[in-house]
A.B. asks: 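The structure that follows is given in the form of structure tokens.
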Protein chains: 2
Amino acid sequence: MSNPSSTADGILACARALIIAGGYNGFSYADIAEVVGIRKASIHHHFPSKVDLVRALVLRYREDAKAGFAALERAADDPRDQLVKYVAYWEKCITDASDPFCVCALMASELPALPPAVAAEVRLHFETLSAWLTSAFERGAASGVFRLSSTPRAEAETFMATVHGGMLSARALGDPALFGTITNSLLNRFQ
Amino acid sequence: MSNPSSTADGILACARALIIAGGYNGFSYADIAEVVGIRKASIHHHFPSKVDLVRALVLRYREDAKAGFAALERAADDPRDQLVKYVAYWEKCITDASDPFCVCALMASELPALPPAVAAEVRLHFETLSAWLTSAFERGAASGVFRLSSTPRAEAETFMATVHGGMLSARALGDPALFGTITNSLLNRFQ
DNA sequence: TTTAGCCTATCTACTAATTGGTAGGTATTG
DNA sequence: CAATACCTACCAATTAGTAGATAGGCTAAA
């Protein structure tokens, strides 16, 4: 049932890669079936509907992200170092093309056309990320590490926007290194 | 043929609104037909294929954008004022929900799944916008208006990323005012 | 130990709806 | 007349989803 490398996991991984490439409407059960080496109907056994599949996928993504934030807090005391490591994580994913876009950022762009159950999960990820970044700026401001020109919340939202926009620019201009250029310039503000 | 409020224009406007809502794969000729009040086949008369339609749409968008940049340069001498007005333009579009997302930013997110002809047009818009912003930062740095902490190009790319990411966050969190919060914080850097 | 029952995972084969697109006809209009 | 704009009526392919069969494995009762 909870086999760590089950067919269900393979379906989720494949769906995630396809969504990252083309969004919710950019893939079909047939696409997954071909990659995973299974018949279309068998996917419905694991995930009765497309909404079930994508909701499960985002749920897992959100849990991984939360675990990632916790790991970053364990890996560094300084909030600035945490932000540096957060950005470095994405820079690696993008430059080695292993995971070149945040699956929630991508689906957020098509949010009005998303099934409500999926849209709600996507929004929750943004809220989680926004809250974690805000807490990082709050801690940094309190300890004197950061000298903020606006509220921690506004700094966090601006930070998040720049990171997501950086993914977009790197993709649009076909230049993965651009993400690093943008995030370096972003992090320079806080030194 | 070049009737300023022709059926073709109505199709383009409708397609644009549908793409802004859900991306390239988020709409069909049937959707447009219903809104415009015409039959599906008639759309093919004006735009033989979906690629033709969307390419024409992005082409027009790019021309409008370029005209907008020229207008901004006419409306203000100070590059900083130009950036303020650029951001204010989008803030208005987003808060009054008339045009809540850049159609090219949206399609950039699904770039790998886009027909190549459309993808190329989208990339050209990013290049144009990036070039205009870079020139604004160059002029501002030369005239002493801006004190930049990295190259004009890097500042421009970071600026563009933050604006696009701001659209994304406003949409994801269902809070149009968030775009203003983010861009205010962005513009504060250059005062 | 064998056997019966059940659960899981997969399959083939289907469905209704939708997709982008075509063929060919009919008005209207310069 | 000839071009433009629109129509009805198709088409093949694809979409998400269903029905029902089969095979294997686990468990519990005879």
Side-chain angles (χ1 to χ4, degrees), chain A residues 1-19 21-58 107 110 112-119 121, chain B residues 1-19 21-60 103 107 110 112-119 121-122:
Chain A
M1 184 177 181
S2 51
N3 184 337
S5 77
S6 64
T7 303
D9 286 341
I11 293 167
L12 286 174
C14 176
R16 178 168 151 169
L18 290 169
I19 289 174
Y24 184 86
N25 290 309
F27 78 100
S28 73
Y29 270 41
D31 296 328
I32 296 174
E34 197 176 349
V35 174
V36 176
I38 209 179
R39 297 292 152 149
K40 239 182 21 146
S42 306
I43 303 172
H44 284 283
H45 168 72
H46 296 281
F47 304 99
S49 77
K50 197 177 181 181
V51 170
D52 292 320
L53 167 57
V54 178
R55 196 174 42 188
L57 183 159
V58 179
M107 287 199 287
E110 36 188 16
L114 245 39
V118 174
E121 288 292 336
Chain B
M1 184 179 179
S2 53
N3 182 336
S5 78
S6 64
T7 303
D9 286 342
I11 293 167
L12 286 174
C14 176
R16 178 169 151 167
L18 289 169
I19 290 174
Y24 184 87
N25 290 309
F27 79 100
S28 72
Y29 270 41
D31 296 327
I32 296 174
E34 198 176 351
V35 174
V36 176
I38 209 179
R39 296 292 152 150
K40 237 181 24 145
S42 305
I43 303 172
H44 284 283
H45 169 71
H46 296 280
F47 304 98
S49 78
K50 196 177 181 180
V51 170
D52 292 319
L53 168 58
V54 178
R55 197 174 42 189
L57 183 159
V58 179
L59 209 71
R60 174 169 299 192
V103 74
M107 287 199 287
E110 38 189 19
L114 246 38
V118 174
E121 289 292 338
V122 169

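Within every chain, numbering begins at 1; the chains are lettered A, B, ... in the order of the sequence lines, protein sequences first and strands thereafter.
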A.B. asks: Within less than 4.0 Å of OP1 or OP2 of D:dT15, is there a side-chain N or O belonging to A:S28?
C.D. replies: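 It does, given that an N or O in the side chain of A:S28 lies less than 4.0 Å from OP1 or OP2 of D:dT15.
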
A.B. asks: Round to a whole Å and report the spacing from CG of A:D52 to P of D:dG17.
C.D. replies: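 One finds 8 Å between P of D:dG17 and CG of A:D52, rounded.
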
A.B. asks: Between B:I43 (CD1) and D:dC7 (C1'), how many Å, whole number?
C.D. replies: 13 Å

A.B. asks: Verify the contact: side-chain N or O of A:T7 to OP1 or OP2 of C:dT10, cut-off strictly under 4.0 Å; return yes or no.
C.D. replies: yes

A.B. asks: From D:dG17, C:dT22, C:dC11, pick the nucleotide closest to the side chain of A:Y29?
C.D. replies: D:dG17

A.B. asks: Under the 3.5 angstrom rule, does the side chain of B:Y29 hit a backbone N or O of B:S49 as a donor-acceptor pair?
C.D. replies: yes

A.B. asks: List the steps, then state whether side-chain contact (heavy atoms from CB on, under 4.5 Å) holds for A:F27 with A:K50.
C.D. replies: CA-CA 10 Å; A:F27 78 100; A:K50 197 177 181 181; 3.5 Å; yes

A.B. asks: Could you state the CZ-P distance from A:F47 to C:dA9, rounded to the nearest angstrom?
C.D. replies: 11 Å

A.B. asks: So, does A:H45 get its side chain near the phosphate of C:dT10, meaning an N or O under 4.0 Å from OP1 or OP2?
C.D. replies: no

A.B. asks: Using atom NZ of B:K50 as one end and atom C1' of D:dA13 as the other, report the distance to the nearest whole Å.
C.D. replies: 15 Å

A.B. asks: Output the rounded distance in Å from OH (A:Y24) to P (D:dT15).
C.D. replies: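 That distance rounds to 13 Å.
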
A.B. asks: With rounding to the nearest 0.5 Å, note down the distance linking CD1 in A:I43 to CG in A:D52.
C.D. replies: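 A:I43 CD1 to A:D52 CG: 13.0 Å, rounded to 0.5 Å.
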
A.B. asks: Between A:H46 and C:dT8, is there a side-chain N or O to OP1/OP2 distance below 4.0 Å?
C.D. replies: no

A.B. asks: Nearest-Å distance, CG (B:N25) to P (D:dT14)?
C.D. replies: 14 Å

A.B. asks: Do the side chain of A:K40 and the base of D:dG17 come within less than 3.5 angstrom through a donor-acceptor pair of N or O atoms?
C.D. replies: yes

A.B. asks: Under 4.0 Å: is that the gap between some side-chain N or O of A:S49 and OP1 or OP2 of D:dA16?
C.D. replies: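 No, because none of the side-chain N or O atoms of A:S49 sits under 4.0 Å from OP1 or OP2 of D:dA16.
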
A.B. asks: Regarding A:F27, tell me which of base, sugar-phosphate or nothing describes its non-hydrogen contacts under 4.0 Å with the strands shown.
C.D. replies: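 Result for A:F27 = sugar-phosphate.
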
A.B. asks: So B:D9 and B:R60, do their side chains get closer than 4.5 Å, heavy atoms only?
C.D. replies: yes

A.B. asks: Drop me the distance from B:L53's CG to B:I32's CD1, to the nearest 0.5 angstrom.
C.D. replies: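 Output value for this atom pair is 5.0 Å.
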
A.B. asks: Of the candidate nucleotides D:dC7, C:dG20, D:dA16, which contains the atom at the shortest distance from the side chain of B:I38?
C.D. replies: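 It is D:dC7.
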
A.B. asks: I want to verify a distance call: between D:dC7, D:dA16, C:dG21, whose nearest atom is closest to the B:R39 side chain?
C.D. replies: D:dC7

A.B. asks: Looking only at the side chain of B:D31 (C-beta and beyond, no hydrogens), which of the listed nucleotides D:dT8, C:dT19, C:dC11 gets closest?
C.D. replies: C:dT19

